[in-house]
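Let me begin by presenting the structure, written as structure tokens, before commenting on it.
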Amino acid sequence: MGKTLVEKIWDAHLVKRSEGFPDILYIDTHLIHEVTTPQAFDGLRRRGLPVFRPEQTVATADHNVPTLNQHLPIREELSRLQVDTLTRNCNEFGIELYGLGHPNQGIVHVIGPELGITLPGKTIVCGDSHTSTHGAFGCIAFGIGTSEVEQVLATQCVLQQSPKTMKIEVNGQLAQGVSAKDLILYIISKLSAAGGTGFFIEYAGSAIRSLSMEGRMTVCNMSIEMGARGGLIAPDTTTFNYIEGREFAPKGENWQQSIKYWQTLYSDEDAQFDSVITFDAADIGPMITYGTNPGMGMAINETIPTTYSQPSTEQLSYQKALTYMGLEDGTAMVGKEIDYVFIGSCTNSRIEDLREVAEFVKGRRKADNVTVWIVPGSKHVEQQAIAEGLDKVFEQAGFQLREPGCSACLGMNEDKIPAGKYCVSTSNRNFEGRQGQNARTLLVSPLTAAAAAITGKITDIRELLQVGS
Amino acid sequence: MRKFEHLISTVIPLDIENIDTDQIIPARFLKATSREGFGKNLFCDWRYDSNGQPKTDFALNKPEYKNARILVAGKNFGCGSSREHAAWALQDYGFDVVISSFFADIFKSNALNNGLLPVQVSEEFLKHIFEENRKNSDLELEIDLVNGTVKVLSTLKQEAFHINAYKKTCLINGYDDIDFILGNKSLIESYEAEQAIKVDKIVADNKGVFPEDSRTNNR
Ligand code: SF4
């Protein structure tokens, strides 16, 4: 019997499998950041252990960094202490750090791919749940907790149960104004916030194949919002073209060798998945979330599902979510005034996202009632945006282009949405308080976010695209 | 790691589904660089009002639940972020066990890695606990890890729960994974030494056709 892509990569990284024990899985690349590592390094010190393979570990500061005046010392004391602790730990244990001010600095899931660190066939872990992003390149990438970070630092391995596999196939073509973000929000709304738990999800089908690498990353990124351990897409020419020439990508003869290996990375035709689900791209419209988990999403022109249409055991939680959001079931979202627009996060802060937004807002201006923050995913994205003149477009539109970091995605630095305010956001989580205490998050695609910024209201992008064309 | 074998305790009920780790411990409290002290901010935004005063209607603030060491919550507990701080906060507050009908993956392994026991029960059994607790806030549960059972003491209703055998041994003895992996260090080194050969073999053995070569390339 054939193997799934996940099984192929998993088996190639097995150090030991024994009855009654989890697998010992070898990790090729360990990405680390300031928030989930201090306790792991302390653990190493307590045990008197070195980092086993420091050259396979890459660090950046992203979660906690300010997105203005990054050249100045961090003002907030605890944030500064955490970032300084990372620097100290990297120095002590011999780990490459792309800290503030470094040209490679950025959100950990943006810099891995853009530097050519993320490659097909690898195993990649990070103390962050959106590590699934890297799966877009056809690798096994998943988020781990701090105890596991310590494991990987100490042994370059992690103990894991062998995975269950799910295939999600999306066929057909996405309509105009509908993007990878809408596609994944649609899938999550169908499968629910727990629908993928325990699985590695392989995305396949013609709609997935026709996505750019950026789009594929957006899809894989949000796998965790269905509870999945990871998401991945078999590599193809789109993947290889994206990787070629990047800073740490294989070069010369190595490149040829790598391609040969990467071309073995697909699910065999007779491979068995534990679950297979199929969608039609034509059914997908621009999406928006109305609740407090990413599964609570709908097509933007629909009305919010009623409470009584929910399973009886879930009605209480459903009502609680709508109350938090200040929304009523059975009502429309389009036309509702909003306060903030956040374009950023490891889901949608790559150069393609910024280009798409810039192209749409060129010659337009934001509504007066809205504050717009654009936070690039990395220093490279920021530099490229400036080189292409996108910063000017944003400035004329009244959008503020800030410096790279996680920013309002999780509101750990000072970029917080005030209580009660509505933020249309390209990030990945609409949990209560995620973007600031009592802030209300509406998850959308970059285009839909840009439309809301211009009109000051929740807007069906398709209407503006028609007017424009 | 903390050891765990057996516990009889009252419970704190949180009949809410999809409790994510941002609720368990909001991001603004993740700036600490040690594992201790997160308990005071556990469920912070549900527990305190905007003036920092405890909300009296929130279960953690009710005097009758003061000494409970078991949290009982709705399905898909611990979804969202991978922050282990969630497990640390629950433990630091005083919980030894969390019961739900469904746990998010990363939360579950984080909990187990810290000696916090996630007990997954059926929807029915969960409902039974909530109902009995509504009748009587002193309701006690007995958790027996060795035999893998959870029992409601007032009704004697009990259910078996599953914990991976290896993890169970770790919990009962207070072992952790690093000891186990380091015990296999020579295997790791030989894996590394043979990796390149292995990849060559995969390439040589690959019989299938790279799907793209059989697909039309005009997309
Ligand atoms: S951008 Fe948001 S989701 Fe992505 S790594 Fe940062 S905090 Fe996590």
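Note that these values count all heavy atoms, side chains included, but never hydrogens, waters or copies made by symmetry.
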Residue Lys201(B) excluded, over 12 heavy atoms near NZ under 6.0 Å
no
Below 4.5 Å, heavy-atom pairs only: which of Gly74(B), Gly80(B), Cys44(B), Cys79(B) has the largest tally toward chain A?
Gly80(B)
For Asp270(A), is it the side chain, the backbone, both, or neither that has a heavy atom closer than 4.5 Å to a heavy atom of chain B?
neither
Rounded to the nearest 0.5 Å, how far does OG of Ser192(A) lie from CD of Glu17(B)?
10.0 Å
Which bit of Gln56(A) is near chain B, if near means a heavy-atom gap under 4.5 Å: side chain, backbone, both or neither?
side chain
Could you check if a side-chain atom of His85(B) sits within less than 4.5 angstrom of a side-chain atom of Thr36(A), using non-hydrogen atoms only?
yes
Compare all side-chain heavy atoms of Asn293(A) with those of Asp20(B) and state whether any distance is below 4.5 angstrom.
no
By a 4.5 Å heavy-atom criterion (distance strictly below it), what part of Lys167(B) contacts chain A: side chain, backbone, both, or neither?
neither
Side chain, backbone, both or neither: which part of Lys127(B) has a non-hydrogen atom closer than 4.5 Å to chain A?
neither
Which atoms of Arg434(A) approach chain B - backbone, side chain, both or neither, heavy atom under 4.5 Å:
both
Cut-off 4.5 Å, heavy atoms of chain A, and the answer for Ser34(B) is backbone
Please classify the contact of Leu410(A) with chain B as side chain, backbone, both or neither, using a heavy-atom distance under 4.5 Å.
both
Please determine whether the number of non-hydrogen atoms from other residues, nucleotides or ligands lying under 6.0 Å from atom CD of Glu124(B) exceeds 12.
no
Take atom OH in Tyr261(A); do more than 12 heavy atoms of anything else shown fall under 6.0 Å from it?
yes
To the nearest 0.5 Å, what is the distance between CD (Glu414(A)) and CZ (Arg28(B))?
14.5 Å
So which part of Glu36(B) gets closer than 4.5 Å to some heavy atom of chain A, the side chain, the backbone, both or neither?
neither
For Gln23(B), which atoms come within 4.5 Å of any heavy atom of chain A: side chain, backbone, both, or neither?
side chain
Do you know which of Thr33(B), Leu30(B), Ile202(B), Asp176(B) has the most heavy-atom pairs with chain A at a distance under 4.5 angstrom?
Thr33(B)
Could you check if a side-chain atom of Ile188(B) sits within less than 4.5 angstrom of a side-chain atom of Thr155(A), using non-hydrogen atoms only?
yes
Any side-chain heavy-atom pair from Asn206(B) and Tyr266(A) closer than 4.5 angstrom?
yes
Bottom line for Ile106(B): the part with an atom under 4.5 Å from chain A's heavy atoms is side chain
Does the side chain of Thr313(A) come within less than 4.5 Å of Glu123(B)'s, by heavy atoms?
no
Looking at Glu192(B), I'd like to know if its CD atom is crowded, meaning that more than 12 non-hydrogen atoms belonging to other residues, nucleotides or ligands lie closer than 6.0 Å.
yes
What part of Phe142(A) gets within 4.5 angstrom of chain B, counting heavy atoms only: side chain, backbone, both, or neither?
neither
More than 12 heavy atoms of other residues, nucleotides or ligands under 6.0 Å from CD of Glu77(A): yes or no?
no
Which atom pair, heavy atoms only, marks the closest approach of Asp45(B) to Gln437(A)?
OD1-NE2, 3.2 Å
In terms of heavy-atom proximity below 4.5 Å to chain B, should Gln160(A) be classed as side chain, backbone, both, or neither?
neither
Is Phe103(B) in contact with chain A via its backbone, its side chain, both, or neither, using a 4.5 Å heavy-atom distance?
backbone
Please flag which part of His13(A) lies under 4.5 Å from any non-hydrogen atom of chain B: side chain, backbone, both or neither.
both
Pick from Pro294(A), Pro38(A), Ser129(A), Ser206(A): which one has the most heavy-atom pairs with chain B under 4.5 Å?
Ser129(A)
Below 4.5 Å from any heavy atom of chain B, which atoms of Thr85(A) appear? Answer side chain, backbone, both or neither.
side chain
Taking all non-hydrogen atoms of both residues, which atom of Ile178(B) and which atom of Ala154(A) are closest, and how far apart?
CG2-CB, 4.2 Å
For residues Asn184(B) and Lys16(A), report the shortest heavy-atom separation together with the two atoms involved.
OD1-NZ, 3.0 Å
Relative to chain A, which segment of Asp105(B) carries a heavy atom at a distance below 4.5 Å: side chain, backbone, both, or neither?
both
In terms of heavy-atom contacts, Ser109(B) and Glu148(A) come closest through OG-OE2, 3.9 Å
Between Ala86(B) and chain A, which part of the residue has a heavy atom less than 4.5 Å away: side chain, backbone, both or neither?
neither
Going by atom types only, do Glu150(A) and Asn113(B) share a side-chain donor-acceptor pair under 3.5 Å?
no
Is the shortest distance from a Lys or Arg side-chain nitrogen in Arg209(A) or Glu212(B) to a carboxylate oxygen in the other one below 4.0 Å?
no
Any ion pair linking Asp179(B) and Arg47(A) (charged N to carboxylate O, less than 4.0 Å)?
yes
Please classify the contact of Gln195(B) with chain A as side chain, backbone, both or neither, using a heavy-atom distance under 4.5 Å.
side chain
Under 4.5 Å from a heavy atom of chain A, the part of Asp177(B) involved
both
Sub-3.5 Å donor-acceptor pair from the side chain of Glu84(B) to the main-chain atoms of Ser147(A), do we have one?
yes
Between Tyr191(B) and chain A, which part of the residue has a heavy atom less than 4.5 Å away: side chain, backbone, both or neither?
side chain
All heavy atoms of Phe102(B) vs all of Ala194(A), minimum pair found to be CE2-CB, 4.0 Å
Which of the residues Ser50(B), Ala32(B), Ala87(B), Ser190(B) is involved in the greatest number of heavy-atom pairs with chain A at under 4.5 angstrom?
Ala32(B)
Gln263(A) side chain vs Phe210(B) backbone, donor-acceptor pair below 3.5 Å
no
Which atoms of Leu49(A) approach chain B - backbone, side chain, both or neither, heavy atom under 4.5 Å
side chain
Check for a donor-acceptor pair, side chain of Ser82(B) on one end and backbone N or O of Gly143(A) on the other, with a separation under 3.5 Å.
no
Bottom line for Leu159(A): the part with an atom under 4.5 Å from chain B's heavy atoms is both
Whatever's closer than 4.5 Å to a heavy atom in chain A on Asp205(B) counts as neither
Identify which of Ile16(B), Asn76(B), Leu187(B), Ile181(B) forms the greatest number of heavy-atom pairs closer than 4.5 Å to chain A.
Ile181(B)
Side chains of Glu432(A) and Trp46(B): is there a donor and an acceptor less than 3.5 Å apart?
yes
Provide the closest heavy-atom pair for Asn110(B) versus Thr146(A) in the form atom of the first, atom of the second, distance.
OD1-N, 4.4 Å
Does atom CZ (Arg47(B)) have a neighbourhood of more than 12 heavy atoms from anything else shown, all under 6.0 Å?
yes
Neighbour count >12 (heavy atoms, 6.0 Å) for atom CG, Leu316(A)
no
Do side-chain atoms of Lys31(B) reach the backbone of Met412(A) as a donor and acceptor pair under 3.5 angstrom?
yes
